[in-house]
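Below is one structure, written out as structure tokens; the observations come after it.
We count ligands from 1, going down the list as the structure has it; atoms in each ligand are counted the same way.
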Amino acid sequence: MVFDTIAAIATAPGGAIGIIRVSGQNAIQAVSQIFHPANGISFLNCPPRMLVYGTLSTRDGKILDQCMAVRFLGDKTYTGEDMAELQLHGSPAVLSETLSALFALGVRQANAGEFTRRAFLNGKLGLMEAEAVADLIAAQTLEAAGNAAGQLSGTIGSHMAEIRQKLVALSAHFLAVVDYPDEEIQPFQMQQMIQTLSETAEKVRQLYDSYETGRILREGLPCAILGRPNVGKSTLLNALAGFDRAIVTEIPGTTRDMIEEVVRIGALCLRLQDTAGLRDTNDPVEKIGVERARLAAKNAGLVLAVIDGSQPLTDADLDVLKQASESPRAVVVVNKCDKPTEVKIPEGFPYIVTISAKQRVGLDKLKTALLECAGLSGAVFDGGMITNARQAEALLRAADACKQAEEAAHIGFSPDAVLMDVETAIAALGELTGQNVREDIISDIFRRFCVGK
Ligand code: GDP
Ligand code: MG
């Protein structure tokens, strides 16, 4: 496809070097008008894929920078179009003046994700790979980056495209039978088809099941630290954060507002929320704090229920444990193990860890429990996990449709009934890989990218 020529600053402000990318049929031509290689050769004739040193100036001769530039020819570029890149000094003034000079030559500002969108439209990337690019840029942990990089290499995308192709072949067969009703499907063939449908449903479902963990890998987990006053919640936050983030005193009710801190534990990015201790109080400020704590617990993906192990359980502790049991994930932390133990945690909590937050004892055990509870312990981060809701929804639809087709074929429904379900599965897998996906969905996907990518 032929598009107009776009440009954007691809680097974050404040660096020593700033990169401007230009893509489209006039990209190289436009850059050649403002960039003049030091060796006297026109930029148009410089060898592709080779950095060239030269002078950047506006068309009326104002010198902007001494910099490097490179050109790429359409068949071997990210976007699938001719591209040029300028590596300038990172001054925001120089970068914006250079963009203006390009705009004066008919180039326009690229929208968010427009380079990657062109890569997709020009067949350089599948939709799943394009989404992996955004994941890779946003990755907060090495493991999340590893998974995104694996997806970018196209492993899942091509696997799903293969599965879809198998279904297309199957559908052709059913279609033939629908068109020529006298041609019955042989019982043996029917058995093979049911087998294919069942295997496909299983494979698609397996990939769908990776979403829960994949989402946590990509987004991290909001984690509320809950407990009655003085059990050591703030001390625990500080211990996990590695510095004194929250105020710790022996006075109950010290923490009133919620304090957030992002903590990385291996592959897991926890958004820890230290909260006011749960108790009945007449203090109006603390009261609001307690309400916020309850709300945080409701919205958390994981609750860390902190109990003071040196005292018998109180009603407030039971309230905390109840909140924890209502959360999708909970780890019970029995704190103050440096003192004699007085507590017995009731049944029903798979993750109970004894620690001393103050003495920094047992924190490794706690981190292991957190990773296990989040489903990230022992996982492989090579691109096998899907990480976004759009993909998950399409996979679930495809898996359900395959299962229904399998059942319909099994109980001997007419070929056209089976066909309908197979077609639904094909359409869902096509949406997943981008083979048939609506224009508005594509726009929505790329809008979430940053400008310059
Ligand atoms: P919060 O109200 O739950 O946030 O509790 P804090 O973190 O403010 O701690 C309350 C008191 O318990 C402070 O005096 C802490 O020093 C003390 N504390 C916290 N963790 C421990 C621990 O592991 N052992 C002991 N002995 N004291 C602790
Ligand atoms: Mg506190």
Step by step, work out the salt bridge (Lys or Arg N to Asp or Glu O under 4.0 Å) result for Asp444 and Arg117. CA-CA 11 Å; Asp444 194 50; Arg117 183 187 176 124; over 6 Å; no

Atom 27 (N) of ligand 1: closest protein heavy atom, distance to 0.1 Å, is Lys358 CD, 3.6 Å

Please list, in number order, the atoms of ligand 1 under 4.0 Å from a heavy atom of Glu250. 14 (O)

Among all protein non-hydrogen atoms, which one is nearest to atom 20 (N) of ligand 1, and what is the separation to 0.1 Å? Asn335 ND2, 3.2 Å

Are Met83 and Val22 side-chain neighbours, meaning at least one heavy-atom pair lies under 4.5 Å? no

Distance filter under 4.0 Å to Lys339 heavy atoms, resulting ligand 1 atoms: 26 (N)

In terms of atom number and element, which parts of ligand 1 are under 4.0 angstrom from non-hydrogen atoms of Lys233? 1 (P), 2 (O), 3 (O), 4 (O), 5 (O), 7 (O)

Would you tell me which option among Thr235, Thr249, Leu278 has the nearest heavy-atom contact to atom 13 (C) of ligand 1? Thr249

With salt bridge (Lys or Arg N to Asp or Glu O under 4.0 Å) as the criterion, how do Lys233 and Asp274 come out once you've worked through the C-alpha distance, each side chain's angles and the decisive distance to 0.1 Å? CA-CA 7 Å; Lys233 298 179 293 304; Asp274 183 22; 5.8 Å; no

Is NZ or CZ of Arg108 both nearer than 6.0 Å to the six-membered ring centre of Phe103 and within 45° of the ring axis? no

Between Ser310, Ser234, Cys337, flag the one that comes closest to atom 4 (O) of ligand 1 by a heavy atom. Ser234

Which one holds for Val231 and ligand 1: side chain close, backbone close, both close, or neither close, with close meaning a heavy atom under 4.0 Å? both

Heavy-atom side-chain contact between Leu240 and Leu272 under 4.5 Å: yes

Could you check if a side-chain atom of Arg256 sits within less than 4.5 angstrom of a side-chain atom of Arg292, using non-hydrogen atoms only? no

If the threshold is 4.0 Å, N to carboxylate O, is there a salt bridge linking Glu393 and Arg397? yes

Closest to atom 15 (C) of ligand 1 among protein heavy atoms sits Val248 CG1, 3.7 Å

Name the option, out of Gly232, Pro252, Ser356, that contains the heavy atom nearest to atom 5 (O) of ligand 1. Gly232

Quick one: are Leu396 and Tyr211 in side-chain contact, heavy atoms under 4.5 Å? no

Does any N or O of ligand 1 fall below 3.5 Å from an N or O anywhere on Ala357, backbone included? yes

Would you call Ile247 and Thr255 a side-chain contact if the rule is heavy atoms closer than 4.5 Å? no

Taking distance alone, with no angle check, do Lys336 and ligand 1 share an N/O pair under 3.5 Å? yes

Is there a heavy atom in Thr254 that sits closer than 4.0 Å to ligand 1? no

Using a cut-off of 2.8 Å, find all protein N, O or S atoms closer to the Mg ion (ligand 2) than that distance. Ser234 OG, Thr255 OG1

Nearest non-hydrogen contact to atom 10 (C) of ligand 1 from the set Asn230, Leu226, Asn238 belongs to Asn230

Just so I know, are the side chains of Gln404 and Val418 near enough to count as touching, which here means a heavy-atom distance under 4.5 Å? no

Which residue in the set Asp319, Asp280, Asp317 passes salt bridge (charged side-chain N to carboxylate O under 4.0 Å, His left out) when paired with Arg228? Asp317

Do Leu278 and Arg294 have side chains that approach each other closer than 4.5 Å (heavy atoms only, starting at C-beta)? yes

Side chains of Glu372 and Thr368, heavy atoms from C-beta outward: is any pair under 4.5 Å? yes

Top protein contact for atom 24 (N) of ligand 1, by heavy-atom distance: Asp338 OD1, 2.8 Å

